[in-house]
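Along the sequence shown, residues are numbered consecutively beginning with 1. Whatever order the structure lists ligands and atoms in, that order sets their numbers, starting from 1.
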Amino acid sequence: MAVREILIHPDPRLRKKAAAVEFPLSDEVKQIIQDMADTMYDAPGVGLAAPQIGVSLRIAVTDTVWRSEEAEKAGDGRRALKVWINPEFLWKSEETATWEEGCLSVPETYADVTRPAAVRLRWRDMEGVTHEQHFEGFEAVALQHEFDHLEGKLFIDYLSPLKRNLITKKMKKRHKH
Ligand code: NI
C-alpha cells in the first residue's frame with residue numbers, strides 16, 4: 001500500500017495535458033495505478049486522476065460504489081474499483097445535469113457544475129483491451145470530472161471567475177502554515 005501526496009490547486013502540474021499510456025503496461029505504470037487506488041481510498045474519494053499525484057499520464061481510477069448510499073445500507077464496505085486508461089468520449093448528450101462536485105485537489109470545496117447528462121466512452125483496461133460503454137447519472141459526471149484532469153482542467157473552471165478566484169485564494173492560504 002503506497003499512498004501518494006495529492007497535489008493541491010493551484011499547483012501548475014494540475015494544469016498540464018497528460019500523455020497517452022503505451023501498452024503493454026510497464027511495471028512502473030502498474031505500480032502507479034495501484035498507488036492511485038490506494039491514494040483514492042485513503043483520501044477518501046470516489047475518483048483520482050494520475051495528474052493529481054504528479055504523474056502526467058492518461059489514467060484515472062474511480063469507485064462510485066463504495067461510498068454510495070447503497071453500499072452504506074449494505075454495510076459491507078463493498079468496492080468496485082475501475083481503472084480507465086486513454087479514455088475518450090465518443091459522444092456527449094445535449095441534455096445536461098447539474099451535480100454538486102468536489103475534488104481531492106481542491107479540498108473542502110463544493111459547487112454545482114452542469115455537464116452533459118450522458119456520455120459514450122471508449123477506454124482501455126490494464127490488459128490493453130478496448131471497451132466502449134454508455135454512462136449516465138453519477139458515473140457520467142464522475143468520469144467527465146476525472147478526464148478533465150487529463151486535460152489540465154478542474155471543476156472550478158466551470159464557475160464564475162469571481163468564485164474561482166475566491167477558491168484559489170482560499171487554497172493558497174491553506175498552503176501557508
Ligand atoms: Ni478532481
Side-chain angles (χ1 to χ4, degrees), residues 2-21 29 32-68 71 79-89 92 96-119 121 123-124 133 135-175:
V3 173
R4 305 262 201 122
E5 189 196 346
I6 297 173
L7 303 182
I8 304 298
H9 169 71
D11 191 301
R13 287 170 288 178
L14 291 168
R15 294 305 193 173
K16 268 180 72 182
K17 187 177 157 81
V21 176
V29 169
I32 287 166
I33 293 168
Q34 184 58 54
D35 291 354
M36 285 172 65
D38 292 343
T39 304
M40 177 184 76
Y41 286 120
D42 177 74
V46 297
L48 186 79
Q52 292 181 275
I53 58 163
V55 174
S56 196
L57 287 175
R58 303 186 80 77
I59 308 170
V61 294
T62 60
D63 187 337
T64 52
V65 170
W66 79 295
R67 301 189 81 202
S68 66
R79 288 185 175 190
L81 177 69
K82 291 186 180 174
V83 179
W84 315 89
I85 302 174
N86 297 346
E88 53 178 316
F89 291 111
K92 290 182 179 182
T96 58
T98 302
W99 291 73
E100 187 178 65
E101 295 189 24
C103 181
L104 296 173
S105 292
V106 192
E108 289 144 35
T109 305
Y110 302 90
D112 282 347
V113 177
T114 300
R115 300 178 185 271
V119 295
L121 183 75
W123 76 98
R124 292 179 80 174
Q133 199 182 323
F135 296 95
E136 51 192 38
F138 179 56
E139 196 158 32
V141 170
L143 293 174
Q144 290 176 78
H145 175 117
E146 292 315 322
F147 304 156
D148 271 355
H149 279 296
L150 309 181
E151 303 300 329
K153 199 166 181 183
L154 301 172
F155 82 99
I156 56 171
D157 298 351
Y158 296 94
L159 311 180
S160 71
L162 181 67
K163 265 192 191 166
R164 192 164 56 246
N165 289 341
L166 284 171
I167 291 167
T168 303
K169 269 189 197 157
K170 190 174 93 176
M171 291 300 127
K172 281 181 178 167
K173 262 193 202 151
R174 201 177 171 277
H175 274 304

His145: partners by ring-ring contact (aromatic ring centres under 6.0 Å, His included), with sequence neighbours left out:
His149, Phe155

Identify every side-chain donor-acceptor pair in residues 42-55 under 3.5 Å, counting partners at least two apart or on other chains, and give the distances.
from, atom 1, to, atom 2, distance (Å)
Gln52, OE1, Ala49, N, 2.9
Gln52, NE2, Ser105, OG, 3.0

Rounded to the nearest 0.5 Å, what separates atom CZ in Arg124 from atom CD1 in Ile85?
8.5 Å

Would you please name every residue forming a ring-ring contact (aromatic ring centres under 6.0 Å, His included) with Tyr110, sequence neighbours left out?
none

Relative to the ring of Trp99, is the ring of Phe138 parallel (under 30°), tilted (30 to 60°) or perpendicular (over 60°)?
tilted

Protein N, O or S atoms lying under 2.8 Å from the Ni ion (ligand 1), listed by chain and number:
Cys103 SG, His145 NE2, His149 NE2

Compute the ring centroids of Phe135 and Trp84, then answer whether they are less than 6.0 Å apart.
yes

